[in-house]
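Below: the structure, in structure tokens.
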Amino acid sequence: MNNCRGDWCCILLAMKMMVKNLVIVESPAKAKTIEKFLGKDFVVKSSFGHVRDLSKKGLGVEVEKGFLPQYEISPDKEKVIQELKKLAKEAELVWLASDEDREGEAISWHLAETLKLEPARIRRIVFHEITRPAIEKAVQNPREIDMNLVSAQQARRVLDRLVGFELSPLLWKKVKPALSAGRVQSVAVRLIVEREEEINNFVTQSQFRVTGQFLQSGAGNTLPLKAEYQQRFNREDEAASFLGHCAGASFRVSSVEKKPARRSPAPPFTTSTLQQEAARKLGFSVAKTMLVAQQLYESGKITYMRTDSVNLSDLALGQAKELITASFGERYLHLRKYKTKSKGAQEAHEAIRPTYLSNDSVGGDASQKKLYELIWKRTVASQMSDAEIERTAINIDVSGTDQKFVAKGEVITFDGFLKVYMESSDDEPEDRDDQKLPAVKKGEPLHYSSILAEQRYTQHQPRYSEASLVKKMEELGIGRPSTYAPTISTIQKREYVVKADKDGQTRQVIELTLYAGHIARMVKKEKSFAEKSKLFPTDLGILVNQFLEQYFMDIVDYRFTADVEEAFDEIASGKSHWNKMIASFYKKFHQKIEETSDNTQRFSGEKLLGTDPVSGKKVFAKIGRYGPMVQIGETDDEGPVKFAGLLKGQSIATITLEEALKLFSFPREIGDFEGKPMAVAIGRFGPYVRHNNKFYSLTSKDDPLRVEADRAIEIILAKRAKELSNIIKKFDEKPGLTILNGRFGPYISFGKENFKIPKGQDPSALSLADCEKIMAAAADSGKTKSGNTRSGTKKK
DNA sequence: CAGTGAGCGAGCTTCCGCTTGACTT
């Protein structure tokens, strides 16, 4: 509550309180909770994560001095450090309570260094759950900072910096400026590129699947029995001849098999599984899930949302026991301790769970409610009994063949955890075996009502969604709960990957139906499954991946992270020195960087498309400084080389000579409007219409090659109307000054400058004098602001 | 915001992990 607004206030506060014990944790929400447990001799503050990092200038590592890291206080942490320094000075003991993992240990060490704490005043404590007994136990068992673990973190940090800051500039030089590469992101891109290659190389095959509807021969009022023949046919004539055989065959139940089965609940949520389920069940992007989870965490509704642990505290288990017994009864209770399966897991926190399981819903917006409910259900279900199922298989003999029809059914005899929650699957739900089966006896004759032979196509692997990519990365041990979402946004921001939909392709499906002794043939149209919000590699992503695979296979190898993690573990256990580990890696890596830098050409992915019929020059497609483009002619040719950028949706891999040549038709004159010519052209920010020296962007639905005058006029008029509707007020006395409605609310536009209108002022009621006052005030504060703000603030 | 792509050369871009606000033309 005591928000310090100025230095004097902090000093007064510190003098008044004379803090005996200062506890520092990573997260402010955690600090608030813990303070309640510890009593008034303890002040709990947060470091907001790491407080120092390698210098942003240059490598930030002095290679010659045994890879000595050059640490700097992160610009956005100066203020926190100031405050912590003051409190630490007063305190008798400083309790460093960052997480118990590699990064957490390093945070404690950086704090000790930055706050210049004498070792005697430091108490390092750890806890895995935010409960009173856990915190009290932690305070009773302080230890020292584990320098081996800190070394392992420095190795991790330095390795990532060396890889990222040596590879990226090489890409600027060889491929395109402002690109990036790194241990995590480059592998993520590679996964997507390789999946796309698999899909391109996939050859669809089809088979005929035969299913029959059978009836019992006695009273014709029983349930139909849907059964699948256990053999599939490759060719239509084979399927047809089998149906012909069935027309005259007899059918008999050869056996009925019943088997009990169980289904167990999924473990409580980790970051990765929460992202996957929220995507499947709620349609959330990975970023949205994290945003909403953060809101729930900050309002105290759920435990920490960046975790790789499936563990629940005893407190939570107790709540689950109480709730399940009271709501569903003893029989539904089955408390379990789950163990993580992912290899790199560091388990510094609990699984993601509701703070109070007795709240089965919370307030907040719709997204918060839905996500909370999902977490609640998953947590409760994880402590409930297995579902019990009876699986039945009815085998049906066909006279004259040795294969059988099999009807499968499933009956839930005890629902157990299914009463609350069922995990979804990424796979297409292929016919579920949940039909109700009639009671039949062994040896009983059956007859068919219809038998269908249906052409089925094999399907390529699905492309990755954000969430399924996270799942794969977790399996490979690449990235951490705190970086999954940012990594996915980075590879999209670099334009290595785009999120897009793909319509299914229509194809023909042959259906043969045996009904009342006759076979009917039908050809139906079917769409192969469409993909929504999937990750597709771009030309740039494919090219950069090709570059890295060609020259730096070691880095993009799927085992690279796993291998270096092993080396970090050696350091953490004191068996090896971090500088030596880094040195042995760097020698070979840096040599390869130099070699590639000196001895290779620009890497443009150039592809010859054919010859330009007009000039007779060669036409190429490649990646240029500004992205994918086509060019006519080479530098050695006579006359100038011509260039044109690719349109959205076009790719180097698929563009034809004809399509390439059309790109040189810009700017396209498309007639006059209000006495001035209009032209469609392609600019840095996409296709646009130019008219009377003004620019009007085309929408993504417009094809710049096809837009004609009527559509162009529509676009021009639409933009004019929109601009008009944004005008709140104009002043005849001062024509250059307008009050406008913008993305961030109302503002004053004057010449080329813009001024924000302070909150609480009605923009339509402002007089010219009011406007001038706002402008003068802004100019004033602008001056003082630029006087004392730090340079190098973060940009978007 | 707006038609770049040669070549010159200035100055810029970039990594992964830990954490939240600040504040936008």
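Quick note on labels: first sequence line is chain A, next is B, and so on, each numbered from 1.
Partners of A:Tyr496 under the ring pair (Phe, Tyr, Trp, His ring centres under 6.0 Å) rule, at least two apart in sequence or in another chain, do not exist in this structure. For A:Tyr558, the side chain to side chain donor-acceptor pair (under 3.5 Å) criterion is met by A:Glu194, not counting sequence neighbours. For A:Phe666, there are no ring pair (Phe, Tyr, Trp, His ring centres under 6.0 Å) partners, not counting sequence neighbours. Scored by the ring pair (Phe, Tyr, Trp, His ring centres under 6.0 Å) test, A:Phe603 finds A:Phe547 as partners (sequence neighbours excluded). Applying the side chain to side chain donor-acceptor pair (under 3.5 Å) test to A:Arg720 and every residue at least two apart in sequence or in another chain returns A:Glu674. In this view, A:Phe620 satisfies the ring pair (Phe, Tyr, Trp, His ring centres under 6.0 Å) rule with no residue, not counting sequence neighbours. Taking the side chain to side chain contact (heavy atoms under 4.5 Å, CB included) definition, one finds that A:Val126 meets it with A:Glu100, A:Arg124, A:Arg143, sequence neighbours left out.
The minimum heavy-atom distance linking A:Gly541 with A:Val189 is given by the pair O-CG1, 4.0 Å.
Side-chain nitrogen and oxygen atoms of A:Tyr696 include none within less than 4.0 Å of the OP1 or OP2 phosphate oxygen of B:dA2. Considering only side-chain N and O atoms, A:Ser27 lies nowhere under 4.0 angstrom from the phosphate OP1 or OP2 of B:dC18.
Relative to the side chain of A:Gln185, the nucleotides B:dC16, B:dT19, B:dG3 differ in distance, and B:dC16 lies closest. Here the nucleotide nearest the side chain of A:Pro667, chosen from B:dT13, B:dC16, B:dG3, is B:dG3. Among B:dT19, B:dG17, B:dT20, the nucleotide with an atom closest to any side-chain atom of A:His50 is B:dG17. Of the listed nucleotides (B:dC18, B:dC15, B:dT19), B:dC15 has the atom at the smallest distance from the side chain of A:Ser168. Closest to the A:Phe695 side chain, of the nucleotides B:dC18, B:dA2, B:dT20, is B:dA2. Taking every side-chain heavy atom of A:Asp99 into account, B:dT19 is the closest of B:dT19, B:dT20, B:dG17. Candidate nucleotides B:dT20, B:dT14, B:dG3 were compared by shortest atom distance to the side chain of A:Trp172, and B:dT14 ranks first.
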Cut-off 3.5 Å, no hydrogens considered: what does the side-chain donor-acceptor table look like for residues 164-184 of chain A, sequence neighbours left out?
| unit_1 | atom_1 | unit_2 | atom_2 | d |
| --- | --- | --- | --- | --- |
| A:Glu166 | OE1 | A:His590 | ND1 | 2.8 |
| A:Glu166 | OE2 | A:Tyr586 | OH | 2.5 |
| A:Glu166 | OE2 | A:His590 | ND1 | 3.4 |
| A:Ser168 | OG | A:Gly164 | O | 2.7 |
| A:Ser168 | OG | A:Ala181 | N | 3.2 |
| A:Trp172 | NE1 | A:Ser168 | O | 3.4 |
| A:Trp172 | NE1 | A:Leu179 | O | 2.8 |
| A:Lys173 | NZ | A:Ser597 | O | 3.2 |
| A:Lys173 | NZ | A:Ser597 | OG | 2.8 |
| A:Lys174 | NZ | A:Ser597 | O | 3.1 |
| A:Lys174 | NZ | A:Thr600 | O | 2.5 |
| A:Lys174 | NZ | A:Thr600 | OG1 | 3.4 |
| A:Ser180 | OG | A:Gln185 | OE1 | 2.8 |
| A:Ser180 | OG | A:Gln185 | NE2 | 3.3 |
| A:Ser180 | OG | A:Arg494 | NE | 2.6 |
| A:Arg183 | NE | A:Asp160 | OD1 | 2.6 |
| A:Arg183 | NH1 | A:Thr561 | OG1 | 3.3 |
| A:Arg183 | NH2 | A:Asp160 | OD1 | 3.4 |
| A:Arg183 | NH2 | A:Asp160 | OD2 | 3.0 |

Side-chain atoms of residues 291-300 of chain A: list all donor-acceptor pairs with protein atoms under 3.5 Å, sequence neighbours left out, distances to 0.1 Å.
| unit_1 | atom_1 | unit_2 | atom_2 | d |
| --- | --- | --- | --- | --- |
| A:Gln294 | NE2 | A:Glu298 | OE2 | 2.6 |
| A:Gln295 | OE1 | A:Gln368 | NE2 | 2.8 |
| A:Tyr297 | OH | A:Ser27 | OG | 2.7 |
| A:Ser299 | OG | A:Gln295 | O | 2.9 |
| A:Ser299 | OG | A:Leu296 | O | 3.3 |
| A:Ser299 | OG | A:Lys301 | NZ | 3.2 |

> Under a cut-off of 3.5 Å for both distances of each Watson-Crick or G-U pair, what dot-bracket string does DNA chain B give, using [ ] for crossing pairs and | for inter-strand pairs?
Replying inline: .........................
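As judged by a 4.0 angstrom heavy-atom cut-off over every strand, A:Ser74 is placed among residues making no nucleic acid contact. Among the atoms of the strands shown, none is found under 4.0 Å from any heavy atom of A:Pro486. In this structure, A:Val184 reaches the sugar-phosphate backbone alone: every heavy-atom distance under 4.0 Å involves primed, P, OP1 or OP2 atoms, never a base. Looking at heavy-atom distances under 4.0 Å, A:Glu166 makes no contact with the nucleic acid at all. Looking at heavy-atom distances under 4.0 Å, A:Gly182 makes contact with sugar-phosphate atoms alone, never a base. As judged by a 4.0 angstrom heavy-atom cut-off over every strand, A:Thr483 is placed among the base-contacting residues. Residue A:Ala181 is classed as a sugar-phosphate contact, given heavy-atom separations below 4.0 Å to backbone atoms only. Counting any heavy atom pair closer than 4.0 Å across all strands shown, A:Ser697 reaches a base atom. Backbone-only engagement by A:Arg494 is indicated by non-hydrogen atom pairs under 4.0 Å involving sugar-phosphate atoms exclusively. Contact annotation for A:Arg161: base contact, defined as any heavy-atom pair under 4.0 Å involving a base atom. A:Tyr297 comes within 4.0 angstrom of the backbone, heavy atoms only, and of no base. Backbone-only contact: A:Leu179 has heavy atoms under 4.0 Å from sugar-phosphate atoms and none from a base.
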Please write out each protein N/O paired with an N/O of nucleotides 5-7 of chain B under 3.5 Å, distance rounded to 0.1 Å.
| unit_1 | atom_1 | unit_2 | atom_2 | d |
| --- | --- | --- | --- | --- |
| B:dG5 | N2 | A:Tyr626 | N | 3.4 |
| B:dG5 | N2 | A:Gly627 | O | 3.4 |

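Classification of A:Lys642 and A:Asp612 as a salt-bridged pair fails, no side-chain N sitting under 4.0 Å from a carboxylate O. Ion pairing between a basic and an acidic side chain is recognised when a charged N comes within 4.0 Å of a carboxylate O; A:Lys56 and A:Glu72 show no such pairing. Using a cutoff of 4.0 Å between basic side-chain nitrogens and carboxylate oxygens, A:Asp99 and A:Arg306 are not scored as salt-bridged.
In this pair, A:Phe165 lays its aromatic ring flat on the base of B:dT14, centres within 5.5 Å and planes under 30 degrees apart.
For the pair A:Val163 and A:Lys77, nearest-nucleotide mapping onto DNA chain B gives the more 5' position to A:Val163. Sequence order on DNA chain B of the closest nucleotides to A:Pro169 and A:Arg306 puts A:Pro169 first from the 5' end.
Checked by distance alone, A:Arg156 brings a side-chain donor or acceptor within 3.5 Å of a matching partner on the base of B:dC16.
Taking atom NE2 on A:His590 and atom P on B:dC15, their separation rounds to 20 Å, with Å as the unit. Rounded to an integer number of Å, the gap from CG of A:Asp53 to P of B:dT19 is 14 Å. When the P atom of B:dC15 is taken as reference, atom CG of A:Leu548 falls 13 Å away, rounded to whole Å. In this structure, A:Tyr496 places its OH atom 11 Å from C1' of B:dT13, rounding to the nearest Å.
Near DNA chain B, meaning a heavy atom under 4.0 Å away, the residues from residues 54-63 of chain A are A:Lys56.
A:His349 and A:Tyr304 have tilted rings, their planes meeting at an angle from 30° to 60° on a 0 to 90° scale.
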